[in-house]
**Student:** 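Sharing a structure below in structure tokens format, with a few things to ask.
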Amino acid sequence: MWRRVIYHPEVNYALRQTLVLCIPIAITWSLGELRFGFLLSLVPACCNIGGLDTPHKRFFKRLAIGGVLFSVSSLLLQQLLLWSVPLPVCLLILALLLGVTAEISPLHGRMLPAAMVAAIFTLSLVGSYPIWYAPAIYVIGTIWYGIFTYVWFRLWQEQPMRESLSLLYRQLADYLEDKYSLLTQHTDPETALPPLLKRQQQVMDTITQVYQQIYMITDLKHPRHKRLMQAFQVALDLQEHITVSLHLPDEVQKLVEESHAEAVIRFNAKIISSRLRILANNILYHRQPTPFNMDNELSALAKIAHQHPDNPVGAFCYYHFGRIAHLLSSQSPLYVRSLMQGQSILPFWRALKSYCSLKSVGLRNAARLGLTLAAGSGIGTMLNLPKPYWILLTIMLVSQNGYNATRIRIQHRALGTMFGIVAGAGILQLRYPQNTMLLVMLAITLCSYLTVRKNYGIAVIGFTITAVYTLQIIALSGMDILLPRLIDTIIGCILVFASTIWLWPQWQSGLLRQNAHNALESYQQHLRLMFSMTDNAPELSYARMKVSQAHNTLFTSLNQAMQEPGFNTRYLTDMRLWITHSQFLVEHLNGMTVIARDQYVLVPELSNDYLNACEIAIQICQQRLEYDGPSSDTSMLTLVEPNDDLPETLMERHIERILAHLKAMHTISSLAWQQRPHHGIWLKRKLRGGV
């Protein structure tokens, strides 16, 4: 039972975050310096925002960089204020100076908001403490945070990666279960495919996350890391076979009517899903897997495939379920593969040169953040608010990457702050001893961290209560800031929403065309590698993952675009249909990858013919994406007609289906892009700067 408690992802995360906050408070409380302890507890928030809570091969180097940036931003802000530089200008200068970190790498880019939060925390100390006091707190707090985090992850044995791997196995189980529960509904892609697309997106997001965690491991040769790597490679093989689809709804319906295949297939899928969930728990709770065998279940599938040799559905399910069962019983990958390449880190001077370009996304993000903070500080000064830095803190906490994520975070933050202020006002009325109230705050902090990753709005209620009580301890002004805190939060949320729409917005609707082009390019590269007749399974697996990730990026863009204001819904509906065909194409590529690796049967001349046909079809689709005018190109109509004189192997069926989907995607593109000029005029003007 203790394993399920201590290794549970939410409990483990909540304990880590609560202890790193509360241990300094407990120590300083025993020494009679409780106020210093509360000030020290502000530093972990900066470290979390900066990504310093992530195990990394350069963990201490990044920790030192983070501590230096926190101290420098705090010291620089105070010095600029001493030189009588207006606060809005100070914040804009800081944002533009620190924004270069985003050009180095996405992980380094998290230092910008973290350092800005450190500077905002410093505003609460200006005038009350010496100029060196806040930088010293950040140095001491960062050192404590680094030591605690390092010891924690040494004790819990790569727990973050175990959590991600466990989640990946659960998502694969859910994907398989949903896929075969809709076995007879695939005749209507409008209802059957969207839930599968969502599951596929979740799987690919988790695979990308695990890859990022693998890049951060220092010693991949350690036995414990080897076991985790093996489990990940098994998951990649499972994903390959689970996502393969035959896409013959008529044949499926025919087999279901002629036999009891539906019950057998669903039963096999249920057995596999249950085993995947057991393995997910084993990974998470540090357990050894038990033996597994499903020969009896597979024999029923083999019997159906033997009784219906003319129907490919039975043989298809038997083959892929058999490979999945082999993976689950052996717990070793089908072949040894190399890892995908990690994200490259740009040298500082090259990053600075790229950052100085007006086309730099990092510069735009830094300018957007700096201008928003400047506007917030200016409004706070004009309204003579007692604690205007709450506006700035709200801006930092609700600013997200993208319109929809920012909109959701604003809603959670505003509602959570409102309910938290009401609850905080009630708690401040209680006349309990200080030690009792500190224990109550400890419990509230723990509960908030238990829910923060599932429901940010509920967690904000607890964070607001603890913030109010912290101010009561530090400055005896908890009751005085209740109403101003709510006003500041609302002002900050309004400013962030306005900047997201008007300051260099990155509308996903405008990025759909480029993402679709990139997806087609990845499909072409995969086909070239597959038909090159080279026996390189790791490289082929790498290309297959790049295909899935490119399609996932496109699908994510569509989901976010559907939530954005002012775009033509008919255009987005056409693009959803385009992406549906793209998903079918990806699944056919998965199936062809398995065939090319295990049972390649095409002769070189035939391979070249099919590769040329696929490349021409993809290039025509790409040209259609780049051209907004009416289409008069009829080459696709003759290109994709199947050749009845050739033998119908499984590989050829996949290729013909791919060509048919490319034809449909070309037709949809001809219709979809014509809808784009009908966007709202007010939003169209803004897109000129953001798309």
Side-chain angles (χ1 to χ4, degrees), residues 9-25 37-56 58-71 73-74 98 101-102 106-122 137-153 156 159-161 163-164 209 212-213 216 369 392-401 405 409 412-413 416 442 444-460 462-464 466-467 470:
E10 307 305 329
V11 175
N12 194 273
Y13 174 80
L15 284 175
R16 172 161 58 92
Q17 296 295 340
T18 303
L19 290 176
V20 76
L21 286 174
C22 296
I23 289 178
I25 294 176
F38 273 107
L39 291 175
L40 204 62
S41 68
L42 299 176
V43 182
C46 302
C47 295
N48 289 336
I49 294 172
L52 300 180
D53 60 336
T54 304
H56 196 279
R58 301 181 184 88
F59 176 73
F60 289 106
K61 179 181 178 181
R62 292 193 66 252
L63 194 73
I65 293 174
V68 169
L69 285 178
F70 301 157
S71 301
S73 62
S74 174
L98 297 171
T101 55
L107 190 60
H108 285 77
R110 297 178 63 178
M111 290 296 183
L112 167 62
M116 294 304 298
V117 169
I120 292 169
F121 282 152
T122 304
I137 285 178
Y138 288 119
V139 172
I140 297 172
T142 305
I143 292 174
W144 154 248
Y145 186 90
I147 294 173
F148 177 88
T149 304
Y150 179 78
V151 172
W152 183 271
F153 286 128
W156 302 118
Q159 189 65 17
M161 186 172 176
E163 292 175 4
S164 300
Q209 181 180 353
Q212 293 172 351
Q213 293 171 337
M216 298 176 184
L369 183 61
L392 309 179
L393 192 59
T394 299
I395 291 172
M396 295 305 307
L397 294 177
V398 302
S399 296
Q400 300 294 306
N401 185 20
R409 180 60 66 95
H412 287 187
R413 189 77 194 181
L442 174 63
I444 292 175
T445 301
L446 180 62
C447 293
S448 299
Y449 278 114
L450 282 172
T451 59
V452 67
R453 297 197 294 187
K454 296 291 185 181
N455 193 311
Y456 180 75
I458 295 177
V460 169
F463 293 148
T464 303
T466 55
T470 299

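Since the model is a prediction, treat every value here as computed from it, not as a measurement.
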**Student:** Would you name the heavy atoms of Ala45 and Phe121 that are closest together and state the gap between them?
**Tutor:** CB-CE1, 4.4 Å

**Student:** Could you report the tightest heavy-atom contact between Ser71 and Tyr138, atom names first, then the distance?
**Tutor:** OG-CB, 3.9 Å

**Student:** Shortest non-hydrogen contact from Val11 to Leu450?
**Tutor:** CA-CD2, 3.7 Å

**Student:** Working note: Val20 + Trp144, criterion side-chain contact (heavy atoms from CB on, under 4.5 Å); need CA distance, chi angles, decisive distance, verdict.
**Tutor:** CA-CA 8 Å; Val20 76; Trp144 154 248; 3.6 Å; yes

**Student:** To the nearest 0.5 angstrom, please state how far the CE atom of Met396 sits from the CD1 atom of Ile120.
**Tutor:** 5.5 Å

**Student:** Show the nearest heavy-atom pair for residues Leu63 and Thr142, with the distance to one decimal.
**Tutor:** O-CG2, 3.6 Å

**Student:** Would you say Ser74's side chain and Phe70's backbone share a donor-acceptor pair under 3.5 angstrom?
**Tutor:** no

**Student:** Do we see a donor-acceptor contact under 3.5 Å between the side chains of Asn48 and Tyr145?
**Tutor:** yes

**Student:** Which atom pair, heavy atoms only, marks the closest approach of Gly416 to Thr464?
**Tutor:** O-OG1, 4.1 Å

**Student:** Using the six-membered ring wherever Trp is involved, compare the ring planes of His412 and Tyr456 and label them parallel, tilted or perpendicular (cut-offs 30° and 60°).
**Tutor:** parallel

**Student:** Starting at CZ of Phe463, measure out to CD1 of Ile444 and round the result to the nearest 0.5 Å.
**Tutor:** 11.5 Å

**Student:** Counting distance only, does the side-chain N/O of Ser73 pair as donor-acceptor with the main-chain N or O of Ala115 below 3.5 Å?
**Tutor:** yes

**Student:** Does the side chain of Met116 come within less than 4.5 Å of Ile395's, by heavy atoms?
**Tutor:** no

**Student:** For Pro9, is there any backbone N or O sitting under 3.5 Å from a side-chain donor or acceptor partner on Arg453?
**Tutor:** yes

**Student:** Taking the side chain as every heavy atom from C-beta outward, state whether Ile25 and Leu40 have any atom pair closer than 4.5 Å.
**Tutor:** no

**Student:** Measure the spacing between CG of Leu442 and SG of Cys447 and express it to the nearest 0.5 Å.
**Tutor:** 9.5 Å

**Student:** Are Arg409 and Val460 packed together at the side-chain level, in the sense that at least one heavy-atom pair is separated by less than 4.5 angstrom?
**Tutor:** no

**Student:** Kindly give the heavy-atom pair with the smallest separation between Phe153 and Pro160, and that separation in Å.
**Tutor:** CE2-CG, 3.2 Å

**Student:** Which is it for Leu446 and Leu15 under the side-chain contact (heavy atoms from CB on, under 4.5 Å) test, yes or no, and what are the steps along the way?
**Tutor:** CA-CA 7 Å; Leu446 180 62; Leu15 284 175; 4.3 Å; yes

**Student:** Could you tell me the separation between the CZ atom of Arg62 and the CG atom of Leu52, rounded to the nearest 0.5 Å?
**Tutor:** 5.5 Å

**Student:** Find the distance between CG (Leu112) and CD1 (Ile49) and round it off to the nearest 0.5 Å.
**Tutor:** 11.0 Å

**Student:** Atom CG of Leu69 and atom CD1 of Ile65: how far apart are they, to the nearest 0.5 Å?
**Tutor:** 7.5 Å

**Student:** Is there a side-chain contact between Leu21 and Tyr449 in this structure, where contact means two heavy atoms from C-beta onward sitting under 4.5 Å apart?
**Tutor:** yes

**Student:** Does Asp53 form a side-chain contact (heavy atoms from CB on, under 4.5 Å) with Arg16? I'd like the steps, not just the answer.
**Tutor:** CA-CA 10 Å; Asp53 60 336; Arg16 172 161 58 92; 3.6 Å; yes

